Amino acid sequence: MIIVLKTSATPEQIAGFTEMLKTNYGVSVNRWDGVHSTVLGLIGDTTQVDSEFIDAQDIVESVKRVQEPYKKANRKFHPENTVIKINDTVSIGDGSLHIMAGPCSVESEAQIVQIAKDVKQSGATLLRGGAFKPRTSPYAFQGLKAEGLDLLKTARKETGLPIVTEIMRVSHIDMFENVDIIQVGARNMQNFELLKELGKTRKPILLKRGLSSTIEEWLMSAEYIMAGGNNNVMLCERGIRTYENFTRNTLDVSAIPIIKKLSHLPVIVDPSHASGKSWLVEPLAMAAVAAGADGLIIEVHNDPPHALSDGAQSLTPAQFDKVAKKVFALKAALAEQQ
């Protein structure tokens with residue numbers, strides 16, 4: 001249930017009204033203070049809440065019941081876009097475009113540091129790289145693990161770029177204390193125990209869409225994190241499994257405006273995993289920006305043919321520079337039209 005309060009409501013009235021709701025109905029109340037109104041979102045069993053009684057209160061403008069099972073991730077509860085700040089240097093969701101770029105897997109210090117320098121020069125504002133790698137085959141390269149995390153931190157020290165890397169299990173959370181954005185991969189989107197524990201942190205979380213997940217399932221996974229108190233969630237569209245096998249996955253471009261309508265959370269798009277082909281990264285990245293994405297996450301490797309993982313979908317630094325210039329130019333052109 002959503003309660004919109006009148007602009008004339010005083011802080012004392014709002015506090016008393018909120019306490020009454022909690023006491024009388026046993027619900028939790030999520031408060032959002034906007035420019036023109038204050039919105040109270042009631043979370044829990046609201047079937048016993050008397051909406052007519054609530055609507056009759058002097059400070060209430062309107063009352064609406066919410067049918068969607070996700071509440072905190074719902075735009076009705078939080079009308080304005082969420083802006084997630086990373087280390088006071090990057091703000092995602094404020095209308096600007098950010099690119100997270102780097103290799104699928106961290107392979108060596110020389111590799112990750114040089115790639116970090118290259119992508120930063122081309123306009124990337126965050127460094128991505130896998131230390132722990134979930135692979136379909138148990139015989140494939142699984143990442144450098146803890147050493148990979150240390151190498152990412154070295155690259156951050158060298159370049160100042162915040163780092164984005166994937167977590168695999170609950171027991172690894174302490175190891176990710178100095179990671180700037182924790183990525184939850186597609187295979188773990190419905191690892192609810194992991195999501196609950198990440199909800200206890202206040203780290204920005206990049207939640208990738210599951211291989212065959214619906215938009216509602218994806219938003220419900222975000223709800224698990226937010227229900228624990230961590231509202232710093234970004235949603236990453238990385239392609240879904242369809243009957244088409246020319247590409248690695250099928251990029252659901254329509255998910256971008258749909259999420260923007262349903263939720264206030266930032267949307268990041270991964271054209272690398274969606275396509276599995278380096279030559280498709282540019283057109284898919286352009287389509288994502290045109291559809292309203294807040295950012296891109298792109299795989300870049302200094303020697304793709306010899307990459308230890310996902311070389312076929314990785315751009316060289318020179319190719320990434322070209323793509324970055326095009327997407328930033330498109331973003332600027334779109335901004336001029338608004």
Side-chain angles (χ1 to χ4, degrees), residues 1-85 93 170 173 182 184 189-207 214-235 259-267:
M1 178 177 285
I2 292 174
I3 303 171
V4 180
L5 303 181
K6 294 178 180 177
T7 55
S8 59
T10 67
E12 292 77 16
Q13 288 177 313
I14 295 173
F17 183 62
T18 300
E19 189 59 34
M20 181 275 291
L21 293 170
K22 293 178 180 178
T23 302
N24 290 4
Y25 301 111
V27 296
S28 60
V29 180
N30 186 59
R31 175 174 169 175
W32 175 82
D33 294 303
V35 177
H36 302 295
S37 64
T38 295
V39 176
L40 302 181
L42 274 56
I43 300 174
D45 183 4
T46 61
T47 57
Q48 301 305 312
V49 177
D50 186 342
S51 58
E52 291 185 0
F53 169 75
I54 299 298
D55 196 32
Q57 302 308 302
D58 290 339
I59 66 170
V60 173
E61 181 71 35
S62 63
V63 180
K64 181 186 299 183
R65 291 194 178 273
V66 177
Q67 301 302 318
E68 297 89 355
Y70 49 92
K71 308 300 181 184
K72 287 181 174 289
N74 199 317
R75 186 173 285 280
K76 293 175 183 176
F77 274 57
H78 193 294
E80 292 185 4
N81 293 333
T82 283
V83 178
I84 297 177
K85 295 186 177 181
V170 171
I173 288 179
I182 299 177
V184 176
M189 189 205 82
Q190 290 185 312
N191 183 342
F192 298 125
E193 292 307 311
L194 176 60
L195 301 181
K196 288 178 186 177
E197 291 302 314
L198 291 174
K200 297 176 183 178
T201 76
R202 295 299 178 265
K203 286 282 185 183
I205 308 297
L206 181 66
L207 180 65
T214 65
I215 287 173
E216 184 170 292
E217 289 169 341
W218 187 17
L219 286 168
M220 287 304 295
S221 289
E223 193 77 9
Y224 263 91
I225 300 171
M226 300 177 76
N230 186 357
N231 295 317
N232 297 309
V233 180
M234 292 168 277
L235 300 170
I259 289 293
K260 289 289 187 179
K261 182 176 179 62
L262 298 179
S263 179
H264 52 90
L265 300 175
V267 180

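Computed from a predicted structure; not experimentally measured.
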Practice problem: Grab the two heavy atoms, one from Leu219 and one from Tyr70, that are nearest each other, plus how far apart they are. | Solution: CD1-CZ, 3.6 Å
Quiz prompt | NZ on Lys64 to CD1 on Ile2, rounded to 0.5 Å | solution = 6.5 Å
Practice problem: State the CE-CG distance between Met189 and Leu195, to the nearest 0.5 angstrom. | Solution: 8.0 Å
Practice problem: May I ask you to test the Glu217-Met220 pair for a side-chain heavy-atom distance under 4.5 Å? | Solution: no
Self-check item: Check: Arg75 and Lys261 side chains under 4.5 Å, non-hydrogen atoms
Solution: no
Quiz item: Do you know which two heavy atoms are closest between Arg65 and Val49, and how far apart they sit?
Solution: NH2-O, 2.8 Å
Self-check item: Approximate separation, where rounding is to 0.5 Å, of Lys203 NZ and Ile225 CD1
Solution: 14.5 Å
Self-check item: Nearest heavy atoms of Met234 and Pro204, plus distance in Å
Solution: CE-CB, 4.1 Å
Quiz item: Under the 3.5 angstrom rule, does the side chain of Gln190 hit a backbone N or O of Ser221 as a donor-acceptor pair?
Solution: no
Exercise. Return the minimal non-hydrogen interatomic distance between Ser263 and Ala73, and the atom names on each side.
Key: OG-O, 2.6 Å
Self-check item: Heavy-atom closest pair, residues Val60 and Ile54
Solution: CG2-O, 3.3 Å
Exercise. Determine whether more than 12 heavy atoms belonging to other residues, nucleotides or ligands lie under 6.0 Å from atom CG of Asp58.
Key: no
Quiz item: Run the side chain to side chain contact (heavy atoms under 4.5 Å, CB included) check on Tyr25 and Thr46 step by step: do they pass?
Solution: CA-CA 7 Å; Tyr25 301 111; Thr46 61; over 6 Å; no
Quiz item: Roughly how far, to the nearest 0.5 Å, is the OG1 atom of Thr82 from the CG atom of Leu265?
Solution: 5.5 Å
Quiz item: To the nearest 0.5 Å, how far apart are CD1 in Ile3 and OG in Ser37?
Solution: 13.0 Å
Self-check item: From CG (Asn230) to CG (Leu198), nearest 0.5 Å
Solution: 7.5 Å
Exercise. State whether the number of non-hydrogen atoms from other residues, nucleotides or ligands found under 6.0 Å of Lys6 atom NZ is greater than 12.
Key: yes
Quiz item: Are any non-hydrogen side-chain atoms of Thr18 and Arg31 less than 4.5 angstrom apart?
Solution: no
Practice problem: Would you check if the side chain of Thr23 reaches a backbone N or O of Glu19 as a donor-acceptor pair within less than 3.5 Å? | Solution: yes
Quiz item: Tell me, do Asn30 and Leu40 make a side-chain contact under 4.5 Å, heavy atoms counted?
Solution: no
Practice problem: Measure the acute angle between the ring planes of Trp32 and His78, then classify it against the limits of 30° and 60° as parallel, tilted or perpendicular. | Solution: tilted
Quiz prompt | Expected output: side-chain Gln57 to main-chain Phe53 donor-acceptor under 3.5 Å | solution = yes
Quiz item: Donor-acceptor pair, Asn232 side chain versus Ile84 backbone, under 3.5 Å?
Solution: no
Quiz item: How close do Phe77 and Ile43 get, heavy atom to heavy atom, and via which atoms?
Solution: CE2-CG1, 3.8 Å
